[in-house]
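Small disclaimer: the values here were computed from a predicted structure and weren't measured. Proteins get letters first, then strands, A, B, ... in listed order; numbering begins at 1 in each. Hydrogens, waters and symmetry mates play no part in the numbers below; they use all other heavy atoms, side chains included.
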Protein chains: 2
Amino acid sequence: MYQKETHTRTLIKAISWRVIASLTTTILVYLFFGRLDLAATVGILETLIKIFLYYIHDRAWSKIPFGIKKVEPFVVWMTGLPLSGKTTIARYLKKLLEKEGIKVYHIDSSYIRNLIPEIGYERKDRIIHLKRVAHLAKILQDNNISTIASFVSPYTETREFVKNLCKNVLIVYVKADIKTCQKRDYKGVYKKALEGKIKNFTGISDVYEEPTDADIIIDTTKNSPEEAALKIYKKIKELFVK
Amino acid sequence: MYQKETHTRTLIKAISWRVIASLTTTILVYLFFGRLDLAATVGILETLIKIFLYYIHDRAWSKIPFGIKKVEPFVVWMTGLPLSGKTTIARYLKKLLEKEGIKVYHIDSSYIRNLIPEIGYERKDRIIHLKRVAHLAKILQDNNISTIASFVSPYTETREFVKNLCKNVLIVYVKADIKTCQKRDYKGVYKKALEGKIKNFTGISDVYEEPTDADIIIDTTKNSPEEAALKIYKKIKELFVK
């Protein structure tokens, strides 16, 4: 739900303020000088002059760029090994951005399954899948919604695709060595992958093509998720909020 | 791109107006009474009183619901035979809504192919496909974007699914008898379907389950696309813009 104000509301509000403001002036002048007729004349003149002045004032300000921030809808694309911390950082980042009034949608791999079918973990399937996610980001961007996408996205090809399809793309490489990720294995996925129960598992039985052109590299052994989110947040503000 | 104003801008703009307004009062009072000292005092007092009054005035208005319109993001789901005129009406409707400042996205079957794979025209495939489209509408709705979806959507099941998944759904049945649609066959699809070159073609070789619970029925033999769009537009304003 969002709100809009009608022109009628704005107009009536402006009139009610003008009445209060000019009455105040009239009363003040009357209290100082004791002449009700002159006080009333000052009040009426004030109304007429200030309606005109307010208009000029507002038009002048509309030409002053100071303090107007343009938000270019962006796409933060987070790549990294499974359990490197992408989603956690994405959630912190979303909070920071929303606090700043920036609309952002977190493309979540669990919800996305309803929209886009899981088609397997072979290289070609993964590429198709991530291209579809990129198209979703594009649709949202066309509607002024920024996105944070957190997907393993192991191949250079898909990351390049995102960059070409969408505008204002920030590739964030969430770097964690595989031993650290394995220690965090609360889902038990690394275990299953090592046992061969999950095939084409990035880092174990499938390649992770390290990004060479990432816009931001997060070293999760050095930065906490909060620090990482703040780092990305600052970059977003620098590049896309002007 | 969208714009935001910083607090600093709003503050400086308020101060610049207050200075202009109070100077105007001071000058007026001076011109009437010829006492600069008293005129300045009135100006200063006016500033102080009006800052306070403006605050009260604004707070009071924030409690008055008059003229505030709440837009509930909606989903207009247009169903009907191929070439019944869904897309044409959808485009007119989009224009009407945008003129009113209502953000709306037209889910277009040609673009959607990049996001969602074409999986065939068997009943089960079509159902899966349209459920995915419904999920896209849901994502957009969660981001305050209304949608117009124009798909043949021949089965009751999928239309029910949309209604359950999304809020504020308006099922629009674009009704045209099959002979009329065939006459409009500029794409040559009906011809191919009749020749058996396209299989599972709605209206020829696949069923169209006429909606019994449509919120709006457009009779395209009686209403022009513009009239149809206006009819839907009025219903949207009535139901979702309050």
Original post:
Who pairs with B/D142 by salt bridge (Lys or Arg N to Asp or Glu O under 4.0 Å), at least two apart in sequence or on another chain?
Top reply: B/K138
Original post:
Does one side chain, of B/T41 or B/R35, offer a donor that lies under 3.5 Å from an acceptor on the other?
Top reply: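 The criterion, which ignores hydrogens and geometry beyond distance, is not satisfied for B/R35 and B/T41.
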**OP:** Enter the distance from A/I44:CD1 to A/T26:OG1 here, rounded to the nearest 0.5 Å.
**Re:** 7.5 Å
Subject >> Separation between CD1 of B/I89 and NZ of B/K231, rounded to the nearest 0.5 Å >> reply: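 Atom-to-atom, B/I89:CD1 and B/K231:NZ are 10.0 Å apart.
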**OP:** Step through the shown structure and confirm whether more than 12 heavy atoms of other residues, nucleotides or ligands are within 6.0 Å of CD on A/E122.
**Re:**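 Counting other residues, nucleotides and ligands, CD of A/E122 stays at 12 neighbours or fewer.
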**OP:** Kindly check if the number of other-residue, nucleotide or ligand heavy atoms within 6.0 Å of CZ (B/F32) is above 12?
**Re:**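 Correct, the count exceeds 12.
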Original post:
Looking at A/R123 and A/D206, does any basic side-chain N land under 4.0 Å from a carboxylate oxygen?
Top reply: no
Original post:
Do B/R18 and B/E46 meet the salt-bridge criterion of a basic N to acidic O distance under 4.0 Å?
Top reply: yes
Under 4.5 Å from any heavy atom of chain A, what part of [X] do you find: side chain, backbone, both or neither?
X	answer
B/I102	both
B/S16	both
B/I107	neither

Subject >> Residue among A/L31, A/I20, A/T10, A/T25 with most heavy-atom pairs under 4.5 Å to chain B >> reply: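 It is A/T25.
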Subject >> Top contributor to chain B contacts, counting heavy-atom pairs under 4.5 Å, from A/I139, A/I128, A/L140 >> reply: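 Counting heavy-atom pairs under 4.5 Å, the top option is A/I139.
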Do any of [range] come closer than 4.5 Å to chain B, heavy atom to heavy atom, and if so which ones, in number order?
range	result
residues 234-242 of chain A	none
residues 144-172 of chain A	A/N144, A/I145
residues 47-60 of chain A	A/I49, A/K50, A/L53, A/Y54, A/H57, A/D58

